[in-house]
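What follows is a short report on a single structure.
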Amino acid sequence: MASCTIHTAPYSCSISRPAAKAFSLGFHQRHQQLIFFGSGRRSAVVCSAEKTVVIGLAADSGCGKSTFMRRLTSVFGGAAEPPRGGNPDSNTLISDTTTVICLDDYHSLDRTGRKEKGVTALDPRANDFDLMYEQVKAIKDGVAVEKPIYNHVTGLLDPPELIKPPKILVIEGLHPMYDSRVRDLLDFSIYLDISNEVKFAWKIQRDMAERGHSLESIKASIEARKPDFDAYIDPQKQYADAVIEVLPTQLIPDDDEGKVLRVRLIMKEGVKRFAPIYLFDEGSTISWIPCGRKLTCSYPGIKFFYGPETYFSNEVSVVEMDGKFDRLDELIYVESHLSNLSTKFYGEVTQQMLKHSDFPGSNNGTGLFQTIVGLKIRDLYEQIVAERAAASAAAAKV
Amino acid sequence: MAAASFPGAVKGLVSAKARLSEPLRGGSRSLLVLYPRRGGMALVASATPLELSEKVAESIKNAEETCAGDAASGECAAAWDEVEELSAAASHARDKLKANSDPLDNYCNDNPETDECRTYED
């Protein structure tokens with residue numbers, strides 16, 4: 001609708017030249033584009049009306065296939081799948097609106113290289129942050145890139161694949177917020193913080209069926225990675241706009257099964273376009289046990305907490321859920337008492353949780369808060385789109 | 001699913017573990033594992049592609065050897081990191097196999113409103 005001019009402020013215009021590494025191409029898949037080719041030197045001046053919205057997710061659980069990712073892409077609609085016809089071991093997921101990129105693809109050292117240098121994948125020395133910044137910036141500006149692929153099966157760096165700028169780009173991995181330049185590109189960032197006990201329990205569940213693994217090997221693996229994890233990954237928590245912290249339950253004394261979890265959603269205050277969810281009265285401190293006369297819950301029940309706190313010298317609001325959902329009506333009851341959820345209709349959170357009831361965490365705070373964060377991101381995206389539309393309407397009037 | 005245990009209650013898990021393994025068609029290794037659970041044992045079957053399964057076992061052995069020398073070295077950490085990476089890859093491969101196993105499930109996930117996929121809850 002609005003015409004694209006090269007010198008108007010609301011539009012981003014970028015000049016892309018083929019880089020020496022041949023990793024970025026001047027491609028655009030958006031409407032309303034103007035591409036000029038200068039005489040002599042090949043360069044393209046491009047104006048696109050929309051910049052990609054970039055979300056960062058820090059998680060230790062591998063890439064793109066994580067439950068959080070699937071819930072997030074489901075909120076936006078459509079299933080996210082690996083790119084068709086490409087490398088079958090690609091870590092990328094693409095849906096109609098969203099592309100999920102695995103930051104392991106930016107490893108500068110492959111598995112052999114890391115073994116030789118005695119460096120884990122968690123170490124910044126094993127990752128090419130310059131390339132990560134360059135490519136995420138390019139995608140954000142509407143330029144398609146040839147992104148390397150790190151093959152988790154072979155441990156090698158495979159030939160690159162083409163990534164076209166989507167509406168929403170999610171970068172998932174160990175270091176989305178490590179480099180300050182990349183951090184500045186993020187419109188929203190999330191950190192998934194699993195406590196040591198829960199991590200141990202989950203890894204046992206995951207690995208015990210594997211031949212060769214024993215309790216000792218699982219424990220040794222966690223212990224050996226801990227120093228690098230604490231030094232390089234954990235500090236990213238302080239930069240995240242939202243942290244989902246998973247802890248052992250306090251409802252069952254001496255619980256060792258890790259079936260019931262205490263999950264805290266820590267939301268930074270003052271983040272643009274992000275209004276933290278709250279319980280009953282914003283800014284107050286609330287302790288809430290929904291089970292009682294109106295709602296009957298089975299053991300151990302559900303306990304909520306809401307309140308303002310300080311987290312790494314940031315003002316935050318925390319909503320905490322301890323316990324698990326056994327029935328649909330518990331879920332809808334809880335949803336009806338939470339505020340600022342950014343749902344489009346009553347019961348949307350419950351519906352999303354039910355849609356993926358086979359996913360892990362669907363009966364506790366992990367699924368609940370992941371779904372809610374997904375809705376908040378959708379809301380953030382829609383706000384950005386509305387702002388751009390308003391800006392372009394204003395520019396058109398001038 | 002396996003019973004998750006914290007370090008305190010763990011000894012029973014290791015000593016009670018029993019395994020039967022047979023190669024399935026297509027080269028996946030099937031494991032039937034017994035886990036102690038409150039009130040009895042639970043039998044769980046899972047399949048990881050053979051090649052990955054062997055890589056995991058190999059990497060664990062390698063890590064144990066590397067760390068026997070110097071437990072605080074970078075090489076030791078890198079070796080266990082490789083174990084973690086391969087275990088995660090194996091877990092994803094298992095999930096992929098499980099996810100693709102039932103064609104009706106796959107169809108109904110994408111098309112829940114069709115007649116074949118309607119569910120009734122009374």
Side-chain angles (χ1 to χ4, degrees), chain A residues 60-66 79 89 104 111 114-123 126 151-155 197-198 200-228 248 254-259 328 355-356 358 360, chain B residues 1-11 13-14 17 19 21 29 31 33 35 38 44-46 48-49 51-61 63-64 66-67 71-96 109-110 112:
Chain A
D60 189 17
S61 56
C63 289
K65 300 119 183 172
S66 69
D89 291 321
D104 284 354
R111 208 177 281 158
R114 293 199 299 268
K115 231 195 303 215
E116 280 167 15
K117 289 225 163 122
V119 142
T120 65
L122 306 161
D123 196 313
N151 190 319
H152 283 99
V153 177
T154 60
E197 299 93 336
V198 177
F200 188 48
W202 284 2
K203 294 217 165 152
I204 291 179
Q205 278 184 17
R206 186 191 73 180
D207 292 338
M208 274 310 242
E210 206 48 65
R211 177 177 68 110
H213 255 305
S214 63
L215 218 58
E216 289 78 24
S217 64
I218 296 175
K219 200 158 175 228
S221 172
I222 296 180
E223 298 288 320
R225 294 173 89 238
K226 207 162 179 301
D228 276 358
D254 305 318
D255 173 55
D256 58 0
E257 285 193 1
K259 289 280 168 69
L328 177 59
K355 209 159 113 180
H356 304 294
D358 55 325
Chain B
M1 279 301 287
S5 309
F6 292 110
V10 130
K11 297 196 179 89
L13 198 79
V14 175
K17 197 164 69 165
R19 279 197 212 128
S21 70
R29 187 165 289 266
L31 297 168
V33 193
Y35 291 96
R38 300 229 166 103
V44 170
S46 66
T48 313
E51 165 208 339
L52 253 182
S53 188
E54 297 195 325
K55 275 200 169 136
V56 174
E58 212 180 291
S59 68
I60 294 173
K61 230 187 308 180
E64 283 165 354
T66 314
C67 294
S73 68
E75 281 80 25
C76 177
W80 282 118
D81 188 44
E82 189 182 328
V83 170
E84 165 60 30
E85 196 190 333
L86 286 167
S87 304
S91 156
H92 290 144
R94 274 199 299 271
D95 289 342
K96 234 200 266 189
N109 281 336
D110 295 327

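Values below: all heavy atoms of this structure, side chains included; hydrogens, waters and symmetry mates excluded. So you know, we letter chains A, B, ... as the sequences are listed, proteins then strands, and number each from 1.
Ion pairing between Glu75(B) and Arg114(A) fails under the 4.0 Å rule for side-chain N and carboxylate O.
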Might you work through the salt bridge (charged side-chain N to carboxylate O under 4.0 Å, His left out) test for Lys219(A) and Glu223(A), ending with a clear yes or no? CA-CA 6 Å; Lys219(A) 200 158 175 228; Glu223(A) 298 288 320; 5.7 Å; no
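With chain B as partner, the option from Lys115(A), Arg111(A), Lys117(A) having the largest number of non-hydrogen pairs under 4.5 angstrom is Arg111(A).
The part of Ala89(B) that comes within reach of chain A is its side chain, from C-beta onward, which places non-hydrogen atoms under 4.5 angstrom from that chain. For Lys203(A), the part sitting under 4.5 Å from any heavy atom of chain B is the side chain, from C-beta outward, and nothing else. When heavy atoms are compared at a cutoff of 4.5 Å, Ser73(B) does not approach chain A at all. Interface remark: Val153(A) contributes backbone and side-chain atoms alike to the contact with chain B (heavy atom separation under 4.5 Å).
A distance-only check finds no donor-acceptor pair linking the side chain of Asp123(A) to the backbone of Ala126(A) [under 3.5 Å]. A donor-acceptor pair under 3.5 Å is formed between the side chain of Asp81(B) and the backbone N or O of Ala121(A).
Here Ile60(B) contributes atom CD1 and Ser221(A) contributes atom OG; the two are 8.5 Å apart, rounded to the nearest 0.5 Å.
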